[in-house]
Number of protein chains: 2
Amino acid sequence: MALRHAVLAALLDGEYSGYQLAKAFDVSLSNFWYAVPQQLYAELAKLEREGLIAGRQVIQHDRPNKRLFTVTDAGLAELAAFTATPSKPSSIREDLLVMVQAVDRLDPTPVIAQLEERAVAAAAKVEIFDRMLRRLRGELDEETFLREGDRIGPYLTCLRGRRFEQENREWCEQVTALLRARAPLPG
Amino acid sequence: MALRHAVLAALLDGEYSGYQLAKAFDVSLSNFWYAVPQQLYAELAKLEREGLIAGRQVIQHDRPNKRLFTVTDAGLAELAAFTATPSKPSSIREDLLVMVQAVDRLDPTPVIAQLEERAVAAAAKVEIFDRMLRRLRGELDEETFLREGDRIGPYLTCLRGRRFEQENREWCEQVTALLRARAPLPG
DNA sequence: CCAGCCATGTAACGGGTTACATGATTTA
DNA sequence: TAAATCATGTAACCCGTTACATGGCTGG
């Protein structure tokens, strides 16, 4: 099983509709999990059938009705059981790294282009994480928040995501500079 | 398509049998790709059918015969085409992060235990990467090797893997200390 | 003598991705 | 008036994981 626990963990922050969850999985959770809306709707239906979450209909007049979900006690128990089962390090599957692995037998030009794009994207993500971290800790400084805040889980995963993207950025920039220096482009 | 390019990139280092590849995918490539032997045998068969790799039988007397594979020109062309197609950042799926996301609504004890295990595993992996980096660059220092070495691809991906595991370790240790301080264990 | 390594697969299953489908409301 | 947002799904497909299967040689 896989996505189910990520969904349960996400729902701990409050009520969400499938659509809102999809947004969350596109930003805040995207550092360690990602899912397209279709997958989320399917998973929510499954979790509800199993009684791990409960949905309630919300009628709206200006836009389509929606269903909001919350984690049930059974859902919490499921999460507790999940933390008790040993987790394997996940296998990262990164196309860009495959390209770099092969780069010295190929024309580096397109790889360099992709590295530059990725560096920019990573920098943008770092800023997103920074904003989210500031929002999560409110007026408190980080140290105080981590010592006394009452919902530090999302903050901690955000910190990990931020580090990852920062490293990503630096690595992409380093490799770009290096490949440039080794194979100077014409013009 | 997915694994195919990782296999092609791995085969650039020389001839490999399915079994040897499986080893490689367990160590050197494991920072950005992972595959079990069964998957590799299937993928190698497919790549050979498509003419992207060529296999040759090697008869052995002390142990079972094996087939060694090399990338063909068509395979190189496939890799070149691959570098030209835009790559999306991969979705990381990390159970341990899901657990931390949920940790302040659950008993942190098992999560702390897992974080500690992971920190140790990450530290071990950093050392493996260090050894591999030393092996790859031979007697050269890093700067010289990166400027003049003729096969820097694997070195660069290794560097990324090392950074990742180092960050992983530091994060795990930080979170462990934090959760410990917030919820002191009895005894 | 048993565990582990070398060596290569088949088969079933589960989960994730892509494509397709619908339709109202708000913003540019 | 076109695009984006809100809102929810179905269906087909591909890929990856797990379980099962075989068999000889080497080292403790």
Side-chain angles (χ1 to χ4, degrees), chain A residues 1-8 15-27 29-30 32-50 53 55-69 82 85-95 98, chain B residues 1-7 15-27 29-30 32-50 53 55-69 85-95 98:
Chain A
M1 298 289 163
L3 178 62
R4 44 192 303 116
H5 300 114
V7 170
L8 287 172
E15 288 184 318
Y16 282 97
S17 68
Y19 189 85
Q20 290 172 306
L21 254 194
K23 294 241 144 170
F25 270 79
D26 219 50
V27 289
L29 298 178
S30 61
F32 65 94
W33 214 279
Y34 171 78
V36 292
Q38 298 96 305
Q39 210 184 339
L40 289 170
Y41 286 116
E43 197 61 43
L44 286 170
K46 208 167 150 195
L47 285 168
E48 196 184 19
R49 276 202 305 278
E50 295 174 35
I53 61 175
R56 64 179 188 92
Q57 180 89 6
V58 174
I59 281 97
Q60 299 183 118
H61 301 289
D62 50 344
R63 52 189 65 176
N65 296 336
K66 62 181 174 183
R67 305 197 64 218
L68 295 180
F69 295 94
F82 172 59
T85 62
S87 64
K88 281 185 300 190
S90 75
S91 10
I92 306 174
R93 285 175 168 133
E94 186 68 69
D95 282 339
V98 176
Chain B
M1 299 288 163
L3 179 62
R4 42 192 305 118
H5 300 114
V7 170
E15 286 185 319
Y16 283 96
S17 67
Y19 189 85
Q20 291 172 307
L21 253 194
K23 294 241 143 172
F25 270 80
D26 219 51
V27 288
L29 298 178
S30 61
F32 65 94
W33 214 281
Y34 171 79
V36 292
Q38 298 95 305
Q39 210 185 340
L40 289 169
Y41 287 116
E43 196 63 42
L44 285 170
K46 208 167 150 194
L47 285 167
E48 196 184 19
R49 275 202 306 278
E50 295 174 35
I53 61 175
R56 65 181 186 91
Q57 180 89 6
V58 174
I59 281 97
Q60 298 182 119
H61 301 290
D62 50 344
R63 53 189 64 176
N65 296 336
K66 62 181 174 182
R67 305 198 64 219
L68 295 180
F69 295 94
T85 63
S87 63
K88 281 184 299 189
S90 75
S91 10
I92 305 173
R93 284 173 171 135
E94 186 67 70
D95 283 338
V98 175

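The structure displayed is predicted, hence computed values, not measured ones. Chain identifiers are assigned alphabetically (A, B, ...) following the order of the sequence lines, protein sequences preceding nucleic acid strands; residue numbering begins at 1 within each chain.
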Below 3.5 Å between N/O atoms, which protein atoms pair up with nucleotides 5-11 of chain D? Just atom names and distances, please.
unit_1, atom_1, unit_2, atom_2, d
dC6(D), OP2, Y19(A), OH, 2.8
dC6(D), OP2, K23(A), NZ, 3.0
dA7(D), OP1, Q60(A), OE1, 3.3
dA7(D), OP1, Q60(A), NE2, 2.4
dA7(D), O3', N65(A), O, 3.3
dT8(D), OP1, R67(A), N, 2.9
dT8(D), OP2, Y19(A), N, 3.2
dT8(D), OP2, Y41(A), OH, 3.2

What side-chain donor-acceptor pairs closer than 3.5 Å can you find for residues 55-63 of chain A, not counting sequence neighbours?
unit_1, atom_1, unit_2, atom_2, d
R56(A), NE, E15(A), OE2, 2.7
R56(A), NH2, E15(A), OE1, 3.0
Q60(A), NE2, P64(A), O, 2.7

- request: In sequence, state the C-alpha distance, the side-chain angles, and the governing distance for K46(A) and E50(A), and then conclude on side chain to side chain contact (heavy atoms under 4.5 Å, CB included).
  value: CA-CA 6 Å; K46(A) 208 167 150 195; E50(A) 295 174 35; 3.6 Å; yes

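Distance CD1 (I92(B)) to P (dG16(C)): 15 Å, rounded to an integer number of Å. Remark: P of dT8(C) and CZ of F25(B) are 15 Å apart, rounded to the nearest angstrom. One atom, CD of Q39(B), and another, P of dC13(C), lie 19 Å apart when rounded to the nearest Å. Rounded to a whole Å, the CG atom of L40(A) is 11 Å from the C1' atom of dG16(C). Between the P atom of dT8(C) and the CD1 atom of I59(B) lies a distance of 12 Å, rounded to the nearest Å. In this structure, L21(B) atom CG and dT8(C) atom P are separated by 10 Å, rounded to whole Å.
Residue E94(B) holds its CD atom at 8.0 Å from CD1 of I92(A), rounded to the nearest 0.5 Å. For the atom pair CZ of R67(B) and OH of Y41(B), the computed distance is 12.0 Å after rounding to the nearest 0.5 Å. Rounding to the nearest 0.5 Å places CH2 of W33(A) at 8.5 Å from OG of S90(A). We find the CZ-CG distance between F69(B) and L40(B) to be 10.5 Å, quoted to the nearest 0.5 Å. Note that OH of Y16(A) and CG of L68(A) are 11.0 Å apart. Values are rounded to the nearest 0.5 Å.
One finds no side-chain N or O of R93(A) lying less than 4.0 angstrom from the OP1 or OP2 phosphate oxygen of dG16(C).
Taking the screw axis at each terminus of the helix from dC1(C)-dG28(D) to dA28(C)-dT1(D) from five consecutive base pairs, the angle between the two is 50° to within rounding of 10 degrees.
Two residues, W33(A) and D62(A), neighbour DNA chain C, and the one matched to the more 5' nucleotide by heavy-atom proximity is W33(A).
Listed here is the closest heavy atom pair of G18(A) and L44(A): CA-CD1, 3.5 Å. Of all heavy-atom pairs between L47(B) and R4(B), the closest is CD2-CB, 4.0 Å.
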